[in-house]
Protein chains: 2
Amino acid sequence: MSVQEAPTAAVSGDTRERILDVALDLFTEKGYDKTSLREIAEQLGFTKAALYYHFPGKKDILLALHYRLHAVLEASMEETGGLDSDPSRWVDIFDHLIDQMLTHRKLILMHDRNRASFEQLHHDLDHQNAHDDLEEQFRRVLRDVDVPLRDKVRLTCAQGVFIAGAVLAGEELADVPSDQLAGELRSAVRDVLAQPDG
Amino acid sequence: MSVQEAPTAAVSGDTRERILDVALDLFTEKGYDKTSLREIAEQLGFTKAALYYHFPGKKDILLALHYRLHAVLEASMEETGGLDSDPSRWVDIFDHLIDQMLTHRKLILMHDRNRASFEQLHHDLDHQNAHDDLEEQFRRVLRDVDVPLRDKVRLTCAQGVFIAGAVLAGEELADVPSDQLAGELRSAVRDVLAQPDG
DNA sequence: GTCTATATTTCGATAGAC
DNA sequence: GTCTATCGAAATATAGAC
């Protein structure tokens, strides 16, 4: 995506991203815990110890991938204005999120399949602030006493459809064109978030 | 929940179930990989090695919990007749599944949060036969070329709602009465699975 | 920037006493 | 049925050569 850098020390600097790409695949397939640094390194053609030049430790690789996802979601939130307690805006937000999901499907899947590891990451680091923003906005709506139960359930169901879509796009319906799948998912989200009297 | 048993040697025999109860909690909270046998044993008041009297190894504890869930879903499938490619029957099936989910919520959550470990379990053992039945029936529908894309997506979305409901019931909306939540979830599933022209 | 070699820790698992 | 003691394997991480 980024333009070619100066060819001298260019391949390096990219190594960090290549490590993250490999880790993303392995963390998604086998899970974070079952993926060893040895596996990541061997798939890249060098040894385990070399990873420690690019990352202080294993959890920092997971953290870097977390930031990747964070950046994607943050950008999406800026365009749509963020999630709040007004249900009439949720459809637009999910429309936008579905686009991002199909583009960064593996990132979503990896996050979903390693939820336990991410939660521990937030506890280990003093990452209690800025709790992933989108997820924090999510929880804020669910805690809002002025939001009816029905809407809270529907919001969570829409998130369920969102994640189910990511799984579907990567596995069982991997051969379906993205835009076609996106249309079906958007349609499903509309039905889930439909106002009962509006 | 169960009445007090005879106080003599009664506590034993129950130990296996108590181990599974503790493991279910820890596997759900921290994940299977991050839960050590030492933790399970200490929470029960004895040491790591004592676990090996009740189970051949760690993965057999996970396997036993898998059978617990399998029994629940199997019973539900027998009552509703099983999942096939006929979309008009899906609503009834999910109605039934939602009841089971709210009763055995932790079991569903644990399975969802440790999907990677369960998949590896199926590979390690020659468990290729009877691939969890419900999930296999699920995949069969998704592979059926006679089922329209729309219905496949909707079926997966209903599953997404199902799992989202399990998370909701255990965390953010844990204080909402079960039957009230069940009603909302059933309503949401109906909207997801609604026939466009029926 | 990648390597070898090694330190340190933790875990799953076994053997055998009680 | 639960214990102590211990083994062996594998993983993360460090130190330092090249």
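By convention in this document, chain letters (A, B, ...) are assigned in the order of the sequence lines, proteins followed by strands, and residues within each chain are numbered from 1. As a basis for the values below, the full set of heavy atoms in this structure was taken, side chains included, without hydrogen atoms, waters or symmetry mates.
- Taking atom OH of residue A:Tyr52 and atom C1' of nucleotide C:dA7, one finds them 12 Å apart after rounding to whole Å.
- Going from atom CG of A:Leu51 over to atom C1' of C:dG1 covers 12 Å, rounded to whole Å.
- The two residues B:Met101 and B:Ala166 have their closest heavy-atom pair at SD-CA, 3.5 Å.
- Rounded to an integer number of Å, the gap from CG of B:Asp60 to P of C:dG12 is 13 Å.
- Atom P of nucleotide C:dA13 and atom NE2 of B:His54 are separated by 16 Å, given to the nearest angstrom.
- Residues B:Thr35 and B:Lys58 bring no donor and acceptor atom of their side chains to less than 3.5 Å of each other.
- There is no side-chain donor-acceptor pair under 3.5 Å between B:His96 and B:Thr80.
- No more than 12 heavy-atom neighbours from other residues, nucleotides or ligands sit within 6.0 angstrom of NZ on A:Lys59.
- In terms of phosphate contacts, B:Tyr53 brings a side-chain nitrogen or oxygen within less than 4.0 Å of OP1 or OP2 of D:dG1.
- Nearest approach of B:Thr28 to B:Arg113, heavy atoms of both residues: O-NE, 3.1 Å.
- For A:Ser36 and A:Lys48, the side-chain atoms include no donor-acceptor pair closer than 3.5 Å.
- Annotation: proximity of residues 23-31 of chain A to DNA chain D (heavy atom, distance under 4.0 Å) is found for no residue.
- C:dG1 atom P lies 12 Å from atom CZ of A:Arg18, rounded to whole Å.
- Atom CZ in A:Phe55 sits about 16 Å away from atom C1' in D:dT12, given to the nearest Å.
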Exercise for review: Assign a letter to each nucleotide of nucleotides 4-11 of chain D from its 5' end: B, base within under 4.0 Å of a protein heavy atom; S, sugar-phosphate only; -, no contact.
Suggested key: BB-----S

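- Between the P atom of C:dG1 and the CG atom of A:Asp14 lies a distance of 12 Å, rounded to the nearest Å.
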What pairs of donor and acceptor atoms, side-chain ones from residues 146-164 of chain A against any protein atom, are under 3.5 angstrom apart with sequence neighbours left out?
{"unit_1": "A:Arg150", "atom_1": "NH2", "unit_2": "A:Ala194", "atom_2": "O", "d": "3.3"}
{"unit_1": "A:Lys152", "atom_1": "NZ", "unit_2": "A:Leu142", "atom_2": "O", "d": "3.0"}
{"unit_1": "A:Lys152", "atom_1": "NZ", "unit_2": "A:Asp144", "atom_2": "O", "d": "3.2"}
{"unit_1": "A:Arg154", "atom_1": "NH1", "unit_2": "A:Val192", "atom_2": "O", "d": "2.9"}
{"unit_1": "A:Arg154", "atom_1": "NH1", "unit_2": "B:Asp191", "atom_2": "OD2", "d": "2.8"}
{"unit_1": "A:Arg154", "atom_1": "NH2", "unit_2": "B:Ser187", "atom_2": "OG", "d": "2.7"}
{"unit_1": "A:Arg154", "atom_1": "NH2", "unit_2": "B:Asp191", "atom_2": "OD2", "d": "3.1"}
{"unit_1": "A:Thr156", "atom_1": "OG1", "unit_2": "A:Lys152", "atom_2": "O", "d": "3.1"}

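- Within 4.0 Å of B:Phe46, counting heavy atoms only, lie sugar-phosphate atoms of the nucleic acid but no base atom.
- B:Asn114 places a side-chain N or O within 3.5 Å of a backbone atom of B:Phe27 that can act as its donor or acceptor partner.
- Side-chain N or O atoms of B:Arg16 include none that pairs as donor or acceptor with a backbone N or O of B:Phe55 at under 3.5 Å.
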